[in-house]
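Worksheet: one structure, shown below.
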Amino acid sequence: MVALALLAGALAAAPAYAAIAQSFVPPAANPSSTSTNYVGKNNGTIHNSPKVTGKAFDRFIQIWLENTDFATAASSPTFQKLAQEGLLLDGYYGLTHPSEPNYAVAGLGDFFGMHGDSFSAFPKNTSSVVDLLDAKNISWASYQIRYSIYPLLAIPYALTAASTDSLSISAPPDYVRKHSPLILTDSVAGVPERALRHRNFNDFAVDLNASALPQWMFVTPNLVDDAHDSTIDFTSSWLEYWLVPLLQNQNFNDNRTLILLTFDEAETYTQPNQVFTLLLGGALPQQLVGQKDPSYYTHCSTLSTVQANWGLGSLGRCDTNKTLANVFEFVANATGYKNNGLTSNSTKLPMTNLTGVFPGYANTEMWTPVLAPNVSAVGAGGGSVFVYPGTNTSLTSWSPQNLTAMGVTNPISIDPGYDYSNGSLVTAAAAPSSSSSKTATGSIAAATGKSAATSFAVPAMGVLVAAAGVAALL
Ligand SMILES: *[C@@H]1O[C@H](CO)[C@@H](O)[C@H](O)[C@H]1NC(C)=O
Ligand SMILES: *[C@@H]1O[C@H](CO)[C@@H](O)[C@H](O)[C@H]1NC(C)=O
Ligand SMILES: *[C@@H]1O[C@H](CO)[C@@H](O)[C@H](O)[C@H]1NC(C)=O
Ligand SMILES: *[C@@H]1O[C@H](CO)[C@@H](O)[C@H](O)[C@H]1NC(C)=O
Ligand SMILES: *[C@@H]1O[C@H](CO)[C@@H](O)[C@H](O)[C@H]1NC(C)=O
Ligand SMILES: *[C@@H]1O[C@H](CO)[C@@H](O)[C@H](O)[C@H]1NC(C)=O
Ligand SMILES: *[C@@H]1O[C@H](CO)[C@@H](O)[C@H](O)[C@H]1NC(C)=O
Ligand SMILES: *[C@@H]1O[C@H](CO)[C@@H](O)[C@H](O)[C@H]1NC(C)=O
Ligand SMILES: *[C@@H]1O[C@H](CO)[C@@H](O)[C@H](O)[C@H]1NC(C)=O
Ligand SMILES: *[C@@H]1O[C@H](CO)[C@@H](O)[C@H](O)[C@H]1NC(C)=O
Ligand SMILES: *[C@@H]1O[C@H](CO)[C@@H](O)[C@H](O)[C@H]1NC(C)=O
Ligand SMILES: *[C@@H]1O[C@H](CO)[C@@H](O)[C@H](O)[C@H]1NC(C)=O
C-alpha cells in the first residue's frame with residue numbers, strides 16, 4: 001500500500017511544463033562571445049593544472065538535456081545529423097525519475113533514495129567525482145547557462161529547488177541548482193576553490209578563447225535550451241547555435257576530446273527510461289563515426305569511463321556496480337576493461353524508471369544517514385575507493401526511519417547558507433545547531449535508538465536492491 005501510494009505521488013509529479021513553445025533567440029553573437037544576456041560577469045580565465053594524458057581522451061565534456069523520450073530526440077533532424085557525426089549509444093538509460101537524482105548520480109554515484117527535485121545538501125563526507133579528479137590533478141569545471149533574454153516563466157522553481165545558497169549562478173528563473181551535479185555535496189559547495197569552478201557562460205567564452213577549458217566539464221543549459229520548458233525543436237535550435245560550431249573549434253573539440261550529449265531522463269515514466277545519447281568529438285575512433293553502440297549504459301557509465309581513462313580511484317557506489325557501469329566500449333577496449341555484454345535488448349535489465357521506493361539520505365520516509373562507500377569495491381580505473389577523512393567505514397547499513405512520521409526535518413533539506421556572491425565564501429549563520437534541533441542526524445538516531453532488529457543492509461546504490469529492500473521494510 002505504502003509503496004503504491006509513493007509511486008502514485010511520484011507519477012503525479014511528472015514534469016508539467018515541458019512544452020511551452022518559444023522561438024530560439026541567440027543569446028550572443030556566437031558561442032565564444034560574452035553577452036549581457038548571460039547573467040554574471042566574467043571573473044577572469046580559469047586556472048588549471050597541467051594536462052594529464054588519458055588512455056583514450058584528454059578531455060571529457062558532458063552536456064545534459066532534459067526530460068525527452070528517445071523517439072522524440074530521434075525524430076529531430078539536428079539529432080539525426082549529429083548522430084551521423086558521432087556514435088549513437090543505443091542502450092543508454094537514465095536511472096530514475098525525476099531529474100535531480102539523475103544529476104546526483106553523475107556527480108556522486110548514487111541518488112540516495114531521492115525521488116523529488118527539492119533542495120538537497122549532502123554532508124561533506126559525500127564524495128564526488130571531483131575527489132577522484134583532484135587526486136590526480138585533472139582540471140574540471142561546471143558551466144551553467146543562465147540568460148536574462150527570456151521573460152520569466154511562471155514556474156515556482158524558487159519554491160522547489162532554485163536554491164537559497166546564492167552561489168551567483170544558482171538563481172531562478174531559468175538556471176536551477178538541482179541540475180548541477182557537484183554543487184549538491186558540501187564537499188564542493190562548501191569549499192571555495194571547488195564551488196567557484198562553477199562558471200557562467202561569459203566565463204565559458206573567455207575560457208574557450210584562452211584555450212583554457214578544463215579536462216572534465218559538465219555543461220548545464222538553462223531550462224529552455226535543455227528542452228525542459230520547451231520543445232525538441234527549440235533545443236535543436238540551441239544545439240545548432242552552440243554545439244555545432246563548437247565541434248569545429250579546436251579549443252573545444254580537438255582530436256583528444258570526447259563529448260557526451262545526453263538527457264537526464266525520459267519524459268514518459270511508464271517506459272524503461274532509455275535516453276538518446278551521443279558520443280561526439282575528435283577522440284572518437286573514425287570507424288565508429290555514424291555507427292551505433294548497442295551496449296547497456298547508464299549515467300553510472302559516465303563515472304566508470306572517466307575512471308578507466310585516467311586510472312582513477314572510485315566512489316564505491318554505482319560507479320563500481322558491474323551491471324550499471326559499463327565503460328563506453330571503445331574506452332573499455334583502449335583500457336583493457338571488460339564490460340558485461342548487456343545490450344538494450346537483453347532481458348532482465350534493471351528497472352530504472354522506478355521512483356520513491358529506495359531508502360537513503362535523500363528519502364525522508366525511508367531515511368538513512370549517508371552510509372560509507374563500499375571500500376572493497378574495485379572500479380574501472382583500478383584505484384582505491386575514495387574515503388572522506390572521518391568517514392565511519394563501519395556504517396554500511398541502517399534501519400530506515402520515517403522522518404515524516406517522527407515529525408523530524410530531513411537534514412538534507414537544510415540550507416548550509418553558503419554565499420559566494422562576493423567571490424568568496426560567506427556562510428550565513430542560519431542553520432540550527434545539533435543540540436537544539438530535531439533536525440540533526442544525532443537526534444534522529446537518538447529518537448529511535450540504534451536497534452538493528454529491523455535493519456537490512458542498504459547497499460551502495462539504493463536502486464540496485466530496491467525490490468528486496470522494500471519488501472523487507474514493508
Ligand atoms: C573570442 O574570439 C572571437 C573570435 O576572435 C571573438 O569574436 C570573441 O569576441 C572573443 N571572445 C571573448 C570573450 O573575448
Ligand atoms: C597535484 O598537485 C599538487 C600541487 O601542485 C602536488 O603537490 C601533487 O603532487 C600533485 N599530485 C599528482 C598526483 O600529480
Ligand atoms: C592531433 O592533433 C595534434 C595537435 O593538433 C596533432 O599534432 C596530431 O597529429 C593529431 N593526431 C591525430 C591522430 O590526428
Ligand atoms: C517501467 O517500465 C516498464 C517497461 O519497461 C513498465 O512495464 C513499468 O510499468 C514502468 N514502471 C513504472 C513505475 O512506470
Ligand atoms: C535489438 O533488436 C532489434 C531487433 O532484432 C535490432 O534491430 C536492434 O538493433 C537491437 N538493438 C540492440 C541494442 O541490440
Ligand atoms: C572492442 O573490441 C572488441 C573485441 O576486439 C571488438 O569486437 C569491438 O568492435 C570493439 N569495439 C569498439 C567500439 O571499438
Ligand atoms: C562491495 O564490493 C565487493 C567487491 O566488489 C562486493 O563483493 C560486495 O558485494 C560489495 N558489497 C556491497 C554491500 O555492495
Ligand atoms: C557522514 O556525515 C554525516 C554528517 O556529519 C554523519 O551523520 C554520517 O554518519 C556520516 N557518514 C559516515 C559513513 O561516516
Ligand atoms: C560507526 O558505525 C557503526 C555501525 O553503525 C557503529 O556501531 C559505530 O558506533 C560507529 N562509530 C562511530 C565512531 O560513530
Ligand atoms: C511515513 O509516515 C507518513 C506519516 O505518518 C505516512 O503517511 C507514510 O506513508 C509513511 N511512509 C512510509 C514509507 O512508511
Ligand atoms: C573572482 O573574483 C574574486 C574577487 O572578487 C577572486 O577572489 C577570485 O579568485 C576570482 N575567481 C576567478 C576564478 O577568477
Ligand atoms: C548492482 O546493480 C544491480 C542492478 O540494479 C543489482 O541487482 C545489484 O545488487 C547491484 N550490485 C551491488 C553490489 O550493489
Side-chain angles (χ1 to χ4, degrees), residues 1-10 47-53 93-96 105 109-111 113 115 131-140 193 215 272-273 296-301 303-304 310-326 340 342 346-360 362-368 371-379 381 383-386 396-397 399-410 444 448 454 456-474:
M1 282 307 274
V2 174
L4 287 177
L6 284 175
L7 216 51
H47 179 76
N48 294 326
S49 43
K51 184 163 80 183
V52 180
T53 303
Y93 293 76
L95 274 176
T96 185
V105 169
D110 199 346
F111 58 83
H115 55 103
D131 293 301
L132 312 180
L133 296 168
D134 279 357
K136 295 265 184 171
N137 290 337
I138 296 165
S139 59
W140 61 273
E193 52 274 26
Q215 292 195 263
N273 216 3
Y296 178 61
Y297 301 118
T298 72
H299 294 318
C300 307
S301 301
L303 297 166
S304 57
W310 278 296
L312 305 181
S314 75
L315 300 174
R317 301 195 185 106
C318 82
D319 55 324
T320 58
N321 183 293
K322 298 291 181 270
T323 305
L324 298 171
N326 275 339
N340 60 28
L342 294 174
S346 302
T347 52
K348 297 201 177 149
L349 290 180
M351 292 258 268
T352 56
N353 58 347
L354 302 177
T355 185
V357 295
F358 309 108
N363 189 328
T364 301
E365 297 190 2
M366 289 185 239
W367 185 89
T368 77
L371 301 176
N374 183 352
V375 293
S376 39
V378 180
S384 54
V385 173
F386 178 85
T396 55
S397 69
S399 176
Q401 292 169 277
N402 187 338
L403 304 190
T404 306
M406 292 162 64
V408 169
T409 303
N410 189 339
I444 296 166
T448 52
T454 57
F456 64 91
V458 178
M461 178 73 181
V463 70
L464 317 176
V465 277
V470 171
L473 180 70
L474 304 178

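Both counts, for ligands and for their atoms, begin at 1 and track the order of listing.
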Value for CG (Leu315) from CG (Asp110), rounded to nearest 0.5 Å, stands at 10.0 Å
Can you confirm whether some protein heavy atom lies under 4.0 Å from [atom], or whether none does?
| atom | answer |
| --- | --- |
| atom 7 (O) of ligand 2 | no |
| atom 10 (C) of ligand 2 | yes |
| atom 14 (O) of ligand 2 | yes |

Main chain of [Y], side chain of [X]: is a donor-acceptor contact present, judged purely on distance under 3.5 Å?
| X | Y | result |
| --- | --- | --- |
| Thr298 | Leu324 | yes |
| Asn273 | Asn353 | no |
| Ser49 | Asn137 | yes |
| Trp310 | Val52 | yes |

Is there a polar contact, in the sense of an N or O pair closer than 3.5 Å, between Thr323 and ligand 12?
no
Of all protein heavy atoms, the one nearest atom 3 (C) of ligand 2 is Asn137 ND2, 3.6 Å
Exercise. Do Pro350 and Thr323 come close enough that some side-chain heavy atom pair is under 4.5 Å?
Worked result: yes
| How are the rings of Phe111 and Phe358 set to each other: parallel, tilted or perpendicular (split at 30° and 60°)? | perpendicular
Here the atoms of ligand 10 under 4.0 Å from any heavy atom belonging to Asn402 are 1 (C), 2 (O), 3 (C), 8 (C), 10 (C), 11 (N), 12 (C), 14 (O)
The atoms of ligand 10 lying under 4.0 Å from a heavy atom of Ala405, numbered in the order shown, are 2 (O), 5 (O)
Ligand 2 atoms nearer than 4.0 angstrom to some heavy atom of Ala135 are 13 (C)
Query raised in the report: Does any N/O atom on Glu365 come nearer than 3.5 Å to any N/O atom on ligand 10?
Result: yes
